[in-house]
Every structure is written in C-alpha cells, then in structure tokens.
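These notes are about the structure you will find just below.
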Amino acid sequence: MTIVRTRFAPSPTGELHIGGVRTALFSWLTAKHAGGQFFVRFEDTDQDRYSAGSARNIIEQFKWLGIELDGGPDHKALQAMKTNEDTPDALDDGSYRGIPGPFVQSQRLDIYKAHAEQLVAAGKAYRCNESAEELSAMRAEAQAQGRTFMFKKSARLRTEIDPATPHVIRFDMPSSGQTVLDDMIRGKIVFENANLGDDVLLKSDGFPTYALAAMVDDHLMGVTHIIRSDEWLPSAPKHIAIIKAFGWDLPIFAHVPTVNGEDGKKLSKRHGATGIWQFRDQGYVQEAIINFLAMLGWAVGDGEEQNVFTVPELIQKFSLSRVGASPAVFSFPKLDWLNGVHIRQMPADDLAQRLLPFLAQAGLHIDSAEKLALLVRIVPYIQERIKKLTEAAGFIDFFFADVATPSHDMLIGPKMEQHLSLHALKASREVCANLAAFEDTPLEQAFRKLCDELKLKPNQVFSIIRNAVTGKTVTPPLFGTMAILGRDTVLARLDNAITVLSS
RNA sequence: GGUCCUAUCGUCUAGUGGCCUAGGACGAAGCCCUCUCAAGGCUUAAACACGGGUUCGAAUCCCGUUAGGAUCACCA
C-alpha cells in the first residue's frame with residue numbers, strides 16, 4: 001500500500017497567487033484525506049527569475065493559512081534530498097527546523113544532470129547546440145511556411161557534439177503513436193505524438209528545465225498525485241513520455257482549472273486582492289479563505305448541499321474527482337459572507353485575539369489585561385455584525401475612547417421636537433442614576449417602562465440614548481453596551497448630551 | 001494559425017438517460033422578527049450557449065457550430 005504524497009511546486013519568483021493557493025489546497029486536502037503527506041518544493045531552476053526571500057514568504061503564507069507541511073521522511077529517496085538547511089534561503093526563525101522541506105531544485109543540479117545523461121546513454125535523449133539565433137531563424141522559417149515550429153532530432157544543424165562544450169540535452173519525443181493522459185479531473189485525453197516536439201531537458205547552463213526537474217523530483221519524492229494548474233495540460237504528454245522513458249510508474253494527474261475574475265479573465269490585481277497577505281490585511285480569516293477556495297470548483301455532491309466547512313470536514317469530504325473541469329470566477333461577496341459565517345463560529349476570546357492588530361491599526365491599543373477582558377466581553381455583541389475583522393473598530397471604539405460630542409441634531413429623536421427630546425434625555429438620566437442593578441436586562445425593563453410613561457416609542461427614546469452614549473447611530477445592542485460602559489461613563493455622556501441639547 | 005481544454009440561474013454549483021414543470025448557496029427583491037445595524041426565518045425573480053442526431057425518453061450520450069480559455073521558450 002503506497003502512501004499518498006502530493007506536493008505544491010511553485011517557482012519562488014514573487015507573491016503566491018490565490019489560484020496557486022487553491023491548487024495547493026486541493027493537493028493538501030488530497031493528501032490529508034488519504035492520511036498522506038504534503039510537501040512544498042521550490043522550482044528555482046531559472047536563474048533569471050529567481051527572487052530571494054520569496055520562498056520564505058511562501059512558506060509563511062502556508063503557515064498562516066494552517067496548511068501544514070509534512071515532516072517525517074520515511075522514504076529513502078526523500079531522506080537523500082537536500083533540505084532547506086543547505087540553502088542560502090533557509091528559514092531562520094526555527095519554526096520549520098526538522099522538517100524535510102522545502103526542497104530546492106537549484107541545490108540538486110547534479111541529480112538532474114545524471115538523469116539527463118542516463119537518457120542520452122539509453123538513446124532517449126540527445127545533445128544539440130543550436131544557438132538562439134539559429135533557433136529563431138528556424139522558427140521564422142516555419143512561420144513563413146505557415147507551420148507551427150517544433151524542434152525534432154532531425155532538425156539538428158550539427159550532430160557531432162563534444163560533451164565538453166556548451167550544449168543542451170533534448171528529449172527524443174516519439175513522433176508517431178499517441179500518448180494518453182488519464183486525468184482525474186478531465187478524464188482521458190489523447191494526444192498525437194506527431195504534434196509534440198523535442199523539449200530541452202538540460203539547459204546549457206547546467207540547469208534542468210521544468211520537464212526534467214519536476215518529473216525527476218516527483219519520482220524521487222514518491223509523489224503519487226501530480227496536481228497542478230491546467231496551463232500544464234498541453235505539455236502533460238511530454239511529461240508522461242519522459243516518465244515512461246525512465247521506466248517509472250505513472251503518477252495520477254489532475255489539472256485544476258484557473259481562477260478568474262468577474263470579467264472571466266484570469267484573476268489579477270485589478271480585480272482586487274490576489275495575494276494571501278492582502279486578504280489577511282483586509283480582514284479575512286483563514287477558515288473563510290480556505291472554505292471559499294475549496295468551494296471554488298469543488299462540491300460535495302451526492303445530494304449533499306453543504307456550503308460551510310471546517311478544515312476537518314474538508315479533509316474528510318474532499319475528493320479530486322469531484323473538482324469541476326471548468327474555470328471558476330472568484331466572488332468577493334461570497335467570500336465576505338463566508339468570512340462572516342466563520343467569524344460567528346469562533347470562540348469570543350479567539351476572535352478578540354485576531355481583532356487586536358486591526359484595532360491597533362485603528363488606534364485602539366488593547367495593551368492591558370483589563371482592556372483585553374473588556375474586549376472579550378464586547379466581542380459577542382459585534383460577532384454577528386461584522387463580516388471582516390477590519391469592521392470591528394468602527395463598532396467598538398467608543399468603549400475605549402471618548403466619544404465625539406454628539407451634534408445637536410443627533411440628539412433629537414425621530415419625529416420629535418427638541419424640548420421633548422431633552423425631556424426624554426433628562427428622564428433617561430434619572431433612570432440610569434437610580435437603577436439598582438446597572439445591567440442589561442434591568443436597564444431594558446426600566447427604559448421600556450420609561451417609554452410607556454413618556455408615551456414614546458422605544459425607537460424614539462432608544463435612538464436618542466444611543467447617540468448620546470455612543471456617538472453613533474449604529475451600535476451593538478444598546479443596553480448591553482450601556483452595562484459594559486458602566487453607570488459612571490453613561491451618566492457622564494448623558495450629562496454631556498443634555499448640555500448640548502439645552503443650548 | 002496548430003494542438004488541447006471548457007460551456008446549467010449574475011456568481012459557485014447539484015444533476016452521470018426517466019425522480020427535472022432543473023435542487024442548493026452567495027448576491028438581488030419583498031415580507032417577518034426587531035432599540036439601530038446585523039444575525040435569523042419565510043417568499044420571489046433568475047439557468048441547461050446554439051443546431052443536428054442516438055433513444056420510447058436527453059441538462060445528461062454522439063457530431064457540428066458558436067463563445068471563452070490554455071499552450072506552442074535553453075520560463076515555470
């Protein structure tokens with residue numbers, strides 16, 4: 001029984017795109033569902049595009065999302081692989097020490113070269129050294145003739161190449177017959193070999209191309225499922241041919257569709273956030289991002305109509321075969337809704353902790369145990385009112401800071417005159433001053449009684465009090481709010497309001 | 001242009017030949033609840049891209065058309 005092993009293999013060239021995160025999520029869920037392992041491997045074989053620090057950043061993003069990378073190499077080949085500890089880009093915060101990844105391809109050049117030579121020796125790959133100019137001339141000629149350019153062994157300009165001089169190694173792709181890809185998501189796809197050219201396996205700088213490096217590593221790591229973006233679909237038959245040339249077992253392939261913006265084009269900056277940190281900074285929680293991404297292109301099916309999932313539920317129910325083949329459009333309104341759902345499901349103290357950086361950004365520094373305790377008391381009142389963490393500050397700032405003095409107009413209740421509002425305000429003050437227990441329910445009872453006595457509607461009186469006490473028209477429930485603020489603060493703010501309205 | 005992929009409400013999807021006068025969710029509209037705002041409850045509008053087949057019967061199978069998309073590098 002082979003253990004399911006999946007991997008996410010980004011090229012560390014910058015920010016991790018949300019579409020890539022979804023692909024990684026599908027890979028992770030596939031592994032976890034089967035009790036298997038998930039790894040990240042960095043494909044940094046293009047020297048021109050390498051971005052230092054990006055690898056680390058990507059790992060941090062997985063960590064933040066709660067997508068854990070697996071350690072415990074129980075596979076000989078896996079152990080033989082070099083780890084991040086050998087790379088200049090090693091993570092130095094210690095949090096990933098002891099796990100066997102990320103794997104970095106630039107550290108493994110000798111391995112790829114040996115594999116390429118192995119294919120040359122077997123007559124399944126060959127050397128050639130056409131220059132970039134010669135190649136583009138060939139391309140131009142093909143185009144002039146209306147053909148699609150495709151390099152084949154027979155097109156070589158020189159056949160005798162000194163292995164000591166710069167050259168590339170190309171894979172000798174069979175030029176007849178068919179290659180069949182049995183994709184988990186798309187089913188069987190048949191490719192005519194005649195349409196496939198001979199790709200470079202090893203570049204003249206000694207670096208491998210994706211086709212070689214990825215196939216070699218996936219084999220050595222014991223990867224069972226190659227789950228990747230569907231832009232790889234056209235080159236999949238070449239990859240299959242390479243794997244076969246080595247005589248290795250074929251892994252399971254799954255090409256997942258892209259994530260598009262509202263206009264049907266691939267999601268990009270102009271659609272809004274695309275990077276994980278952007279989502280985090282906009283107040284989205286991990287649970288919602290993962291839930292949303294999972295549902296983008298995947299559904300439980302079998303008559304089940306569940307939309308809200310926890311990570312354990314996702315792991316239990318996820319199946320690659322139920323991922324749709326068509327591209328999905330990223331919907332921010334739906335993400336917002338899910339974010340609200342997951343916020344509501346959190347324990348109050350957990351939510352309070354997550355709110356901290358956002359409150360600090362709004363100038364509310366919860367810097368003492370007392371303030372934190374206060375925040376935890378407040379959280380249940382705003383929990384079902386916010387969709388994003390960024391919205392919290394606007395609801396609760398008056399608990400921690402003085403309210404702006406309400407304007408004269410704000411203190412006049414709906415369909416009321418100034419003198420009547422003032423009267424209600426003064427009466428309210430008396431209620432607050434004399435109430436035995438300054439708590440939620442007693443306050444509400446006392447104020448409803450007051451409404452009856454004044455022959456005013458609750459909404460009329462309550463809105464005056466709300467404005468006076470909080471300085472806002474939209475707040476958490478009034479009496480709970482007042483109870484938390486405390487009698488002294490409430491009386492002070494009512495007095496302040498009375499002064500304003502009297503003038 | 002060659003090759004390949006995709007096509008159900010605005011969006012995410014259920015649906016694998018009869019259970020479909022196509023179900024759910026988000027969003028929208030309305031109502032209820034209600035101290036504001038939310039949350040919650042109920043209701044409504046809203047889709048099988050088109051054309052041919054196959055079949056007693058097609059959203060489901062086949063072909064074509066159209067429309068999107070991917071890919072054709074010593075990038076991944």
Side-chain angles (χ1 to χ4, degrees), chain A residues 9-13 43-46 48-49 128-132 135-136 139 143 146-151 166-170 181 183 185-186 189-192 194-197 199-205 207-211 213-214 228-237 255 257-258 260 262 264-266 292 295-308 324-338 340-341 344 381-387 391 395 444 447-448 451 457-463 465-467 470 472-479:
Chain A
S11 135
T13 52
E43 314 240 322
D44 58 340
T45 55
D46 184 355
D48 296 337
R49 302 206 312 166
C128 55
N129 65 358
E130 282 69 25
S131 67
L135 250 15
S136 62
R139 235 183 295 277
Q143 195 171 15
R147 307 188 336 256
T148 303
F149 176 68
M150 191 186 352
F151 196 96
H167 65 278
V168 303
I169 293 179
R170 282 183 190 269
L181 164 66
D183 193 274
I185 293 174
R186 289 153 207 281
I189 302 172
V190 178
F191 297 87
E192 294 295 332
N195 293 324
L196 277 5
D199 276 6
V200 171
L201 296 177
L202 201 68
K203 303 183 234 179
S204 54
D205 62 4
F207 277 69
T209 59
Y210 172 90
R228 46 163 40 170
S229 158
D230 71 355
E231 63 192 311
W232 291 107
L233 206 46
S235 53
H255 290 90
T258 51
N260 295 337
E262 306 270 334
K265 302 269 196 261
K266 197 171 171 182
F292 175 76
M295 281 202 301
L296 212 54
W298 172 83
V300 250
D302 269 348
E304 284 194 62
E305 284 162 348
Q306 186 175 356
N307 288 292
V308 178
S326 53
V329 172
F330 193 100
S331 160
F332 283 93
K334 193 159 194 174
L335 209 211
D336 287 358
W337 168 73
L338 266 176
V341 170
R344 271 172 252 136
Y381 288 104
I382 61 166
Q383 194 153 15
E384 63 185 31
R385 284 164 231 281
I386 57 171
K387 281 194 159 68
E391 294 163 4
F395 269 107
E444 176 157 9
F447 270 91
R448 293 210 180 266
C451 291
K457 291 182 176 168
N459 184 32
Q460 294 181 294
V461 177
F462 295 176
S463 69
I465 308 304
R466 167 171 289 111
N467 286 336
T470 69
K472 293 173 184 296
T473 55
V474 176
T475 71
L478 224 209
F479 304 107

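Letters A, B, ... are given to chains in the order of the sequence lines, protein chains preceding strands, and every chain is numbered from 1. Computed over heavy atoms, backbone and side chain alike; hydrogens, waters and symmetry mates excluded.
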*asked:* Under a 3.5 Å cut-off for both contacts, is B:C19 paired Watson-Crick or G-U wobble with anything, and if yes, with which nucleotide?
replied: none

*Determine which nucleotide pairs with B:C42, using a 3.5 Å limit on both distances of a Watson-Crick or G-U wobble pair.*
B:G30

*Quick one: what's the B/S/- string for nucleotides 63-74 of chain B, heavy-atom cutoff under 4.0 Å, read 5' to 3'?*
------SSSBSB

_Rounded interatomic separation in angstrom, taking CG from A:Asn195 and C1' from B:C5_ = 15 Å

*asked:* Under 3.5 Å for both donor-acceptor distances, Watson-Crick or wobble: does B:G68 have a partner, and if so which one?
replied: B:C5

*Between A:Arg186 (CZ) and B:U16 (C1'), how many Å, whole number?*
18 Å

*In whole angstrom, give the distance that lies between atom CD of A:Glu262 and atom C1' of B:U11.*
7 Å

*Span that lies between the C1' atom of B:G2 and that of B:U54, in whole angstrom*: 32 Å

*Reading nucleotides 23-40 of chain B from the 5' end, what letters show protein touch, with B for base, S for backbone sugar-phosphate only, - for no heavy atom under 4.0 Å?*
SSBS--------BBBBSS

*Map A:Ala211 and A:Ile185 onto RNA chain B by nearest heavy atom, then report which one ends up closer to the 5' terminus.*
A:Ile185

*Any side-chain heavy atom of A:Val168 within less than 4.5 Å of one from A:Cys128?*
yes

*C1' atom, B:U6 versus B:U44: distance in rounded Å?*
32 Å

*Taking the same atom, C1', in B:A7 and in B:U60, what whole-Å distance lies between them?*
14 Å

_Gap in Å between the two C1' atoms, one belonging to B:A45 and one to B:C5, rounded_ = 34 Å

*Donor-acceptor pair, side chain of A:Asp302 and main chain of A:Glu304, under 3.5 angstrom*: no

*Indicate the atoms forming the closest heavy-atom contact of A:Tyr210 with A:Glu43, along with that distance.*
CD1-OE1, 3.0 Å

*Using atom C1' of each nucleotide, how far apart are B:A14 and B:A76 to the nearest Å?*
36 Å

*asked:* Is the positively charged end of A:Arg170 above the ring of A:Phe151, judged by distance under 6.0 angstrom from the centroid and angle within 45° of the axis?
replied: yes

*Base paired to B:U60 (Watson-Crick or G-U; both N/O distances under 3.5 angstrom)*: none

*Are the side chains of A:Arg385 and A:Pro477 in touch, meaning some heavy atoms are under 4.5 Å apart?*
yes

*For A:Arg228 and B:C5, give me the distance from atom CZ to atom C1', rounded to whole Å.*
14 Å

*Do A:Thr470 and A:Phe395 have side chains that get closer than 4.5 Å, going by heavy atoms?*
no

*For A:Gly146, answer base if it contacts any base atom (sugar-phosphate contacts may also be present), sugar-phosphate if it contacts only those atoms, and nothing otherwise; contact means non-hydrogen atoms under 4.0 Å.*
nothing

*Taking only residues two or more places apart in sequence, or in another chain, which ones meet A:Asn467 in a side-chain hydrogen bond (donor to acceptor under 3.5 Å, both in side chains)?*
none

*asked:* Rounding to an integer number of angstrom, what distance separates B:G15 and B:G23 when you compare their C1' atoms?
replied: 8 Å

*With heavy atoms under 4.0 Å as the rule, sort A:Asp302 into base, sugar-phosphate or nothing.*
sugar-phosphate

_Does any part of the side chain of A:Lys334, heavy atoms only, come nearer than 4.5 Å to the side chain of A:Phe292, both counted from C-beta?_
yes

*With rounding to whole Å, what would you report as the distance between B:C20 and B:C26 at their C1' atoms?*
23 Å

*Taking atom P of B:C4 as reference, at what distance in whole Å does atom CZ of A:Phe191 sit?*
8 Å

*asked:* Work out how far the C1' atom of B:A47 is from that of B:U11, and round it to whole angstrom.
replied: 12 Å

*Using a 4.5 Å cut-off on heavy atoms from C-beta on, say whether the side chain of A:Asn195 contacts that of A:Thr148.*
no

*Starting at CZ of A:Phe479, measure out to CD1 of A:Ile465 and round the result to the nearest 0.5 Å.*
8.0 Å

